[in-house]
Structure formats: structure tokens, C-alpha cells
Peer 1: 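Let me give you the structure first, and then I'll get to my questions.
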Amino acid sequence: MEPDTRRTIAIITGSRAEYGLLRPLMTRLRDDPAIHLQVIVTGMHLDPRFGLTVQAILEDGFSVQEQVEMLLDDDSPMAVARSMGTGLPRLAAALERTRPKLVILLGDRYEILCAAQAAMVMNIPIAHIHGGEASEGAMDEAIRHAVTKLSHLHFTAAEPYRARVIQMGEEPSRVWNVGALGLDAIAANAWMSKAELEESIDFSLGERFFLVTFHPVTLTSPPACNRTTAATAIEELLAALDLFPRHTLLFTGVNADPGHAALATAIRDYCRDNPQRAILIPSLGQRRYLSAMNHCAAVVGNSSSGILEAPALKVATVNIGMRQQGRLRASSVLDCIEERHAIADTIDQAISPRFQASLPRTTHPFGDGHAAERIMNILKSYPLDHLLIKKFYNHPWKPDHEKNIHHC
């Protein structure tokens, strides 16, 4: 038997949203004869409360080599910490069994931080996607930058994000601006019609609807107030949506972040009390989600998809609160605070004929829908040996506070 000369690359995924972005790249990796793709699934994928989305991965034709339970008991910060403590050794054991040459990670969730730590201690190099971004209202901000420093190859979604990764001391020759992976599915343009979408979710969306996704803001102060803050925020959002009775509401599921239970309960109760107007689908999957985005009157909430994907579809975004603060913005994104009248006023602006007429002119800095192809070409050709040794890249400039220092 001839030795297997393929490059063994593992992708670790922990949430439905992240898998939706990774899917075009995973398909290319799976179908390339020079690559042996391994898929390690963890986090929300394995929890029925969040749609048990490992089934979607299997239905898409991917083999899952490892399923790593992280046992999230509730939505408190301590529960997340316990989950991370459980996940780290289990992910390390999974990597010990699979022994990939490279691990690919996307984003900034705590499951991904555990995966990066596990790969680090197992001496397996990491390629990180979507580094260098800012989301100042979420602990994702710190996790994202931590994963950057644990990684060895970097694929960013925009040139300012590439510059930020280099600013953090990463070697420029290992940092590429490839664009946002989420745009690859948009470029493929494989939409469901509105009728097909309605049949798929068994719900009539009416003439106009909002696509609503709202996650906890995890950097509230003090942390013990997370649940109260989340409950207040969702109360304000639902009160604002009540002011638009002619629009139906398609809610998607809440992330498993600290404080998610209050949001999930409020949304579930709201949909129960308004069955003709509102529906909650815990996991739409990427095709249905982007199809819903393509047909909706506006994206409402605080999901990064309203910042990254919606502008590419020329759809208005009402971005609420500070969760996505710091990200690059297209002109189609309107920001407001978590207060019912501010939210309602911003929705009014988003659906106004004047603003809607401006949407076809929307431009964004997140690439052209060929990110997976660019990443794939690099992964196939870049030498994977000796990646673990990293030198800190020192910028040629000096910080402002050093400019006026005079040495005797």
C-alpha cells in the first residue's frame, strides 16, 4: 500500500453560524484529492436546545470524525467557564486521535478558544479565519485576538483587519486579506423563492417581514447583571417590533452566550402569543437564512451577519446596541441604542422609500465572494512544516509615547 501523501486538515466547528460560513471551504477541502479533511464538531452543534445542528453537517455529506461534548448546564458565566474546562481536554484528546497537520478555526466563540488552546498544547499549527475584527460589546473581541496570537496563518475579511493582525505582531507574509467567507454563498446565488422558504418553515411571511436575530451583549458591567440586561434589551426590542404590526417576524435562535436564557424565553413566549405574526426557528441553516435575508424588508438585531452579509445583498440592517461596535460599516447599516423608541425610529428609517432606494448603491469592504477559493489555494501550496516557530513582527514605526523620548 502506498503511503497517504494528502495534507490532513481538520476543521473544528462549534455553532451553526460559523458552520454556514465554513461550508464553502469545507466542500472544496472535501472534494480535493490532495486534501484529507477531518471535521471535529463541538459546542452548540451537539445541543438539542440549539437545533442539534450536527445533523445538518452530516446531511451536507461531511464525515464527522469527532463529536466533543462541552456540557453547557445553563447560561451563567460560571457555566460557560465549566464548559470551557470540560471542552479543553476533550478537544485535545480528539486532536491526539486525529493528528491533523493543520487545524482551521473561524471566529471568536469560547469553543474556538478551547480548540486553539488544545491545538497549541498538541503542537498542531492553526489557520485562523476572520481575525483582526472588532466587536467591542462582546467577549468575542478578546477571544478573537487571543486566537490570533495562538495561530500561525491568518485569513482576514478586509484590509484594515489584515493590518490589525500585523499590528498584533504577526508576520505579514502569513496574513492574507481574502474577503469574508459568508459572501461565497451569496455569490453562488442559490436562493429559495419566498414561497419555498415559507413552505420550508411552514409559516406565511406575508407581504413584508423582518429577519430578527438578537444575542446577549456579554461585556456588560458588572457581569452578574447579564441576565437583567438581556431581559431588558429584548423587552425593548419586542416593544419596538409591536409598532410595526403590518410586518411579520422571523426570529432565529440565540447563541449559547452568558445571558441567552432570558432572551430565548422572551422570544419563545412572544412567538407563542403572536402565532399569526411571529415564528422562531432555532436554526435556519445557511441557505434558508440567506434566502430569508434576501427577501426581508430589513435585518433587525445585533448579529454580525447584518454587518457582513446583509450589505452584500443590498438589504437594510438595523443594528442594535454595542455588540458589533468597532466593525467596519456599509451605508446600509443603521445603528441605534437598546431603547424601544430609538429602535422604532431606526426601523422607520430603514424601511423608508428614500433609504430603500439608496440600497442598490451599497458598497462594502468584505471581498467579492471568492474567499474559499483564495484560502484553498494558499492551504494547498503553503509549506506546513516549521509553522509552529513564530517570530514577533516589530513594526517600523514607534508608538506615540516614544516619539518625544530623548536619550542622554
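For the numbers below, each heavy atom of this structure counts, side chains included, while hydrogens, waters and symmetry mates do not.
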Peer 1: Does a donor on one side chain and an acceptor on the other come within less than 3.5 Å for N294 and Y289?
Peer 2: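 Not at all, the side chains of N294 and Y289 share no donor-acceptor pair under 3.5 Å.
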Peer 1: H152 and P125: which non-hydrogen atoms are nearest, and at how many Å?
Peer 2: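 Heavy atoms of H152 and P125 come nearest at ND1-CA, 3.4 Å.
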Peer 1: Kindly compute the distance separating CD (Q38) from CZ (R97), expressed to the nearest 0.5 Å.
Peer 2: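 Output value for this atom pair is 11.5 Å.
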Peer 1: Would you call E207-R246 a salt bridge at under 4.0 Å N-O?
Peer 2: no
Peer 1: Contact between T252 and R16 at the side-chain level, heavy atoms closer than 4.5 Å - yes or no?
Peer 2: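 With C-beta onward as the side chain, the pair touches.
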Peer 1: Going by heavy atoms in the side chains, are Y19 and F62 under 4.5 Å from each other?
Peer 2: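 Yes. Closest side-chain heavy atoms under 4.5 Å.
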Peer 1: Assess whether atom CD of E199 is packed by more than 12 heavy atoms of other residues, nucleotides or ligands within 6.0 Å.
Peer 2: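 Open: at most 12 neighbouring heavy atoms sit under 6.0 Å from CD of E199.
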Peer 1: Are T13 and E18 close enough, and set up right, to give a side-chain hydrogen bond (donor to acceptor under 3.5 Å, both in side chains), and what steps lead you there?
Peer 2: CA-CA 7 Å; T13 174; E18 158 211 296; 2.4 Å; yes
Peer 1: Side chains of N377 and I375, heavy atoms from C-beta outward: is any pair under 4.5 Å?
Peer 2: no
Peer 1: Looking at residues at least two apart in the chain, or sitting in another chain, which of them share a side chain to side chain contact (heavy atoms under 4.5 Å, CB included) with L88?
Peer 2: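 With sequence neighbours excluded, L88 shows a side chain to side chain contact (heavy atoms under 4.5 Å, CB included) to Q117, A118, given in chain and number order.
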Peer 1: E170: what forms a side chain to side chain contact (heavy atoms under 4.5 Å, CB included) with it, not counting sequence neighbours?
Peer 2: T148, K149, H154, V165, V175, K390
Peer 1: Under a 4.0 Å N-O cut-off, is there an ion pair linking R23 with D184?
Peer 2: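 Salt bridge between R23 and D184, a charged N being under 4.0 Å from a carboxylate O: no.
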Peer 1: Do T53 and I57 have side-chain heavy atoms sitting under 4.5 Å apart?
Peer 2: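 No, their side chains stay 4.5 Å or more apart.
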Peer 1: If you look only at pairs with a residue in residues 158-204, which of them pass as a ring-ring contact (aromatic ring centres under 6.0 Å, His included), with sequence neighbours excluded?
Peer 2: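 Pairs touching residues 158-204 that pass the test: F155-W176, W176-Y382.
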Peer 1: Could you tell me if R164 and Q167 have a donor-acceptor pair between their side chains, going purely by distance under 3.5 Å?
Peer 2: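 No pair is found: no donor N or O on one side chain lies under 3.5 Å from an acceptor on the other.
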Peer 1: Go through the structure and list residues passing ring pair (Phe, Tyr, Trp, His ring centres under 6.0 Å) with H295, not counting sequence neighbours.
Peer 2: none
Peer 1: Just one of N123, V103, V121 clears the side chain to side chain contact (heavy atoms under 4.5 Å, CB included) bar with L95, so which one?
Peer 2: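 One option only clears the test, and that one is V103.
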Peer 1: Report yes or no: do Y110 and D140 form a side-chain donor-acceptor pair below 3.5 Å?
Peer 2: no
Peer 1: Mind checking whether F210 and H247 have ring centres under 6.0 Å apart?
Peer 2: yes
Peer 1: For D202, is the CG atom crowded, meaning more than 12 foreign heavy atoms sit under 6.0 Å from it?
Peer 2: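 No, because the 6.0 Å sphere around CG of D202 holds 12 heavy atoms or fewer from other groups.
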Peer 1: Report yes if the side chains of F251 and I279 come closer than 4.5 Å at any heavy-atom pair, otherwise no.
Peer 2: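 No, their side chains stay 4.5 Å or more apart.
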Peer 1: Side-chain contact, heavy-atom cut-off 4.5 Å: R144 with S135?
Peer 2: yes
Peer 1: Any heavy-atom pair between the side chains of I11 and I40 that's under 4.5 Å?
Peer 2: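 The answer is no; the side chains never approach within 4.5 Å.
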Peer 1: Quick one: side chain to side chain contact (heavy atoms under 4.5 Å, CB included) partners of I337, sequence neighbours excluded?
Peer 2: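 Expected list: E339, A342.
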Peer 1: Is there a donor-acceptor contact under 3.5 Å from the side chain of R90 to the main chain of E69?
Peer 2: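 At least one qualifying donor-acceptor pair exists.
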Peer 1: With a 4.0 Å cut-off, would you call R174 and E171 a salt bridge?
Peer 2: no
Peer 1: Return yes if a side-chain donor-acceptor contact under 3.5 Å exists between R277 and T248, otherwise no.
Peer 2: no
Peer 1: Name the one of L25, T27, D31 that satisfies side chain to side chain contact (heavy atoms under 4.5 Å, CB included) with L29?
Peer 2: L25
Peer 1: Do the side chains of I112 and I143 get nearer than 4.5 Å, heavy atoms only?
Peer 2: no
Peer 1: Does R287 come within less than 4.0 Å of D60, counting only side-chain N to carboxylate O?
Peer 2: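 No, R287 and D60 are not salt-bridged.
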Peer 1: Taking atom CZ of R272 as the centre, report whether more than 12 heavy atoms of other residues, nucleotides or ligands fall under 6.0 Å from it.
Peer 2: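 Correct, the count exceeds 12.
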Peer 1: List the atom pairs, donor and acceptor, that lie under 3.5 Å between side-chain atoms in residues 307-318 and the rest of the protein, sequence neighbours left out.
Peer 2:
from, atom 1, to, atom 2, distance (Å)
K314, NZ, T362, O, 2.5
T317, OG1, G306, O, 2.7

